[in-house]
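Beneath this line is the structure, given in structure tokens, with notes to follow.
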Amino acid sequence: MPPMKRVRVSKKAANSGKDDDGDAVSSAKVTAGGKRKAKGATKESSESADPPQYSRWLMKSEPESRFENGIDMKFGIEDLKALPDQTDCWDGVRNYQARNFMRMMKEGQLAFFYHSNCKEPGVAGVMKIVKEAYVDHTQFDKKDVHFDPSSKPDNPKWSMVDVQYQRMLKRFIPLSELKKYHLQHRSKGGPLKDMALFTRARLSVQPLTDEEFDFVLSLEDKEPL
DNA sequence: GCCAACGTTGGC
DNA sequence: GCCAACGTTGGC
């Protein structure tokens with residue numbers, strides 16, 4: 001096997017796909033109808049839709065070794081913390097919804113670093129978005145696990161952001177615990193009742209409402225459920 | 001390692 | 001554009 005040249009293991013992500021652009025929130029609903037807008041432009045009020053404004057995120061990566069084409073996919077929060085500047089690009093996302101969420105991220109926003117596909121899945125720490133979406137170069141690299149032959153340099157499909165380690169949570173918050181809260185909140189109401197981690201389980205990059213984010217953070221100071 | 005959930009592909 | 005087959009994610 002190729003002696004791993006690189007250092008960056010690709011973080012997570014998902015599959016592959018197609019389409020070229022897809023905006024996540026294309027749900028531009030048509031709201032009020034008919035206003036006859038005179039001349040031309042008969043678009044359905046594309047911009048009037050309420051673009052959900054998220055400012056908190058959850059991003060998944062695998063903290064344990066797993067080989068794909070001879071390449072180790074391991075990239076846990078400790079790996080991010082160990083890098084120069086504790087910063088890295090979140091490459092390798094190959095799912096349109098996840099990509100679209102990354103494109104909505106703004107510099108300075110916070111994201112949970114979630115450990116997936118491992119012994120103990122859950123939220124490990126917090127990171128900050130330090131560079132907004134730009135072209136993911138790994139899509140053009142034939143040697144990369146996430147190479148996408150269908151993506152052309154003059155019209156790249158995939159984006160990534162840069163993230164910087166902020167801190168570990170005071171205690172690791174396991175998925176099993178979040179799930180208990182989720183179920184509880186779903187029946188009696190509470191901040192985690194619609195958390196994407198459970199309603200959109202396979203999404204590797206997902207938005208959190210402020211309430212969800214704050215609630216998860218508040219668990220740091222509580223006893224494990 | 002199993003497998004459910006779900007996204008993607010491709011025939012028609 | 002439907003939908004069955006297929007592939008991937010990721011918990012358990």
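Just so we're on the same page: letters track the sequence lines, and every chain starts at 1.
Contact of the A:F101 side chain with the A:L203 side chain is registered, since non-hydrogen atoms from C-beta on lie closer than 4.5 Å.
Between the side chains of A:D194 and A:T199, no donor-acceptor pair is found at a separation under 3.5 Å. In summary, the side chains of A:Y134 and A:D162 do present a donor paired with an acceptor at a separation below 3.5 Å, with no hydrogens or angles considered.
Taking A:E220 as the reference, A:R167 meet the side-chain hydrogen bond (donor to acceptor under 3.5 Å, both in side chains) condition, with sequence neighbours excluded. The side-chain hydrogen bond (donor to acceptor under 3.5 Å, both in side chains) check on A:D214 picks up nothing, with sequence neighbours excluded. Partners of A:Y181 under the ring-ring contact (aromatic ring centres under 6.0 Å, His included) rule, at least two apart in sequence or in another chain, are A:H185, A:F215.
Distance, A:K180 NZ to C:dG11 C1': 15 Å, rounded to whole Å. In this entry the distance linking CG of A:N95 with P of C:dG7 reads 18 Å, nearest Å.
If you check every strand for non-hydrogen atoms under 4.0 Å, A:K119 touches nothing.
Using a 4.0 Å cutoff on non-hydrogen atoms, the parts of residues 192-201 of chain A near DNA chain C are A:A201, ordered by number.
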Pull out every protein N or O sitting under 3.5 Å from an N or O of nucleotides 3-5 of chain B, one pair per line with the distance.
{"residue": "B:dA5", "atom": "N3", "partner": "A:R202", "partner atom": "NH1", "Å": "3.0"}

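Within the structure, ring-ring contact (aromatic ring centres under 6.0 Å, His included) contacts touching residues 189-208 of chain A (residues at least two apart or in different chains) are A:H182-A:F198.
We find that A:R66 and A:E68 are joined by a salt bridge, their nearest charged nitrogen and carboxylate oxygen being less than 4.0 Å apart.
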